[in-house]
Enquirer: 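Got a structure for you, written out below as structure tokens; questions coming shortly.
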Amino acid sequence: MPHSSNGQAGQGTGFNTRAVHAGQEFEPRTGAVVPPLHFSSTYAQEGIGGLRAGYEYGRGGNPTRDALQEQLAALEGGRHAYSFGSGLAAEDALIRALCSPGDRIVLGNDAYGGTYRLISRVLKPWGIENRPIDMSQLDRVRTVVEQGARLVWVETPSNPMMKITDITALADIAHDAGALLVVDNTFASPYLQNPLALGADVVVHSTTKYIGGHSDVVGGAVVLDDDELAEKVGFVQFAVGAVSGPMDAFLTTRGLKTLGVRMERHSENAQRIAEWLVGRPGVEKVLYPGLPDHPGHELAAKQMRRFGGMISVQFTGGEAAARKVAESTRLFTLAESLGGIESLMNYPSEMTHASVKGTELAVPENLVRLSVGIEDVEDLIADLDAAIAQLQP
Ligand SMILES: *Cc1c(COP(=O)(O)O)cnc(C)c1O
């Protein structure tokens with residue numbers, strides 16, 4: 001592959017420099033500063049088997065996807081990244097690559113509902129067992145992991161309960177039992193937290209969220225450092241083909257270049273809003289790791305750069321109050337998903353987490369989840385103020 005020296009952004013450089021430059025060499029023929037978007041599904045050969053730049057067929061390799069994968073690897077601090085058509089496609093490939101029928105996955109009991117559904121309904125018939133558990137109770141986790149696990153799977157902060165788990169301690173527990181630690185780093189993004197550096201073996205992302213950042217593309221990624229594990233994931237990516245298309249990869253790369261500046265603003269706005277929500281009439285509990293009385297505050301301060309843009313709020317008026325707030329904001333749009341520049345409001349028990357209703361992963365019915373965008377925070381607070389004011393008798 002042609003490389004120019006100006007696009008090489010090594011591990012020694014800062015996060016934002018890597019975000020802008022990794023995988024983004026200018027195009028040597030024209031000098032185009034933004035690498036061109038390659039739609040071609042196949043590549044002309046110089047004689048049979050003579051590949052000009054290593055590319056043969058689009059499922060196996062595409063320069064636009066490679067640029068994204070290089071950028072993702074550089075930002076998570078792993079040597080290998082694989083991008084997929086969705087976060088769940090990435091998780092599916094990862095589990096099929098690293099597990100065999102009969103293996104057990106120990107999963108956080110407030111894992112993303114779709115992850116639980118994938119494991120318990122799609123992969124269970126294939127022979128994967130799963131054991132949901134509260135990941136913040138590490139003594140209990142150790143006992144369960146010692147009973148047998150191939151993967152320990154954690155989200156921190158978790159969705160939507162915003163629990164914080166000590167990644168380094170959990171990695172030790174997993175490794176002592178011969179298991180691998182997988183961290184779903186979607187909520188934090190690689191700007192706020194780098195699980196591989198903290199001892200995790202694998203990072204997964206729904207790049208649909210903060211990495212894409214503009215609510216205009218669905219995608220996922222697996223990042224790892226170990227060559228042997230990486231080869232297995234790469235093989236499933238190639239053999240199954242749930243890859244990102246070129247346009248999706250391009251949009252994700254474009255979003256990822258501004259991740260650092262966006263996360264600063266998301267975190268700043270969320271901190272202000274969380275502090276404003278605390279003690280408001282009608283508000284029972286504010287779940288945000290940036291609040292000093294959050295049980296995971298100190299740990300989050302240690303393993304995260306800032307506290308992120310996600311807040312969950314529980315209301316004293318129960319389900320009716322939560323539904324009323326969720327349905328009456330104007331700037332916060334009622335919608336699934338998170339991590340975009342625009343603020344979103346979600347009622348998890350009927351929306352993102354409907355698939356776990358009635359299971360041990362069910363979400364409280366008086367809870368709404370906010371994905372705080374990058375708008376002016378005064379406008380966001382005024383919007384919430386109007387919605388919450390209706391709750392007062
Ligand atoms: C959205 C999400 C996923 C699934 O990703 P998709 O891109 O929707 O397939 C997985 N984990 C978390 C934490 C998510 O928020």
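Start at 1 and go down the list; that is how both ligands and their atoms are numbered.
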Enquirer: Could Asp134 and Arg140 be called an ion pair, given the rule that one side-chain N must be under 4.0 Å from one carboxylate O?
Expert: no
Enquirer: Please indicate whether Glu342 has more than 12 foreign heavy atoms, meaning atoms of other residues, nucleotides or ligands, lying under 6.0 Å from its CD.
Expert: yes
Enquirer: Who else is in the cluster with Phe250 when I, L, V, M, F, W and Y are joined by side-chain contacts under 4.5 Å?
Expert: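 Phe250 clusters with Val34, Leu37, Phe39, Val217, Met247, Leu251.
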Enquirer: Going by an N to O cut-off under 4.0 Å, is there a salt bridge joining Glu365 and Lys357?
Expert: yes
Enquirer: Under the rule for side-chain contact (heavy atoms from CB on, under 4.5 Å), what residues qualify as partners of Glu46, not counting sequence neighbours?
Expert: Arg52
Enquirer: Kindly give the cluster partners of Val20, where membership spreads through any ILVMFWY side chain lying under 4.5 Å from a current member.
Expert: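 Besides Val20, the cluster holds no residue at all.
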Enquirer: Pairwise, report which nitrogen or oxygen atoms of ligand 1 are under 3.5 angstrom from protein nitrogen or oxygen atoms, and how far apart they are.
Expert:
| residue | atom | partner | partner atom | Å |
| --- | --- | --- | --- | --- |
| ligand 1 | 5 (O) | Ser206 | OG | 3.0 |
| ligand 1 | 7 (O) | Gly87 | N | 2.9 |
| ligand 1 | 7 (O) | Ser206 | OG | 2.8 |
| ligand 1 | 7 (O) | Thr208 | OG1 | 2.8 |
| ligand 1 | 9 (O) | Gly87 | N | 3.0 |
| ligand 1 | 9 (O) | Leu88 | N | 2.9 |
| ligand 1 | 11 (N) | Asp184 | OD2 | 2.7 |
| ligand 1 | 15 (O) | Lys209 | NZ | 2.7 |

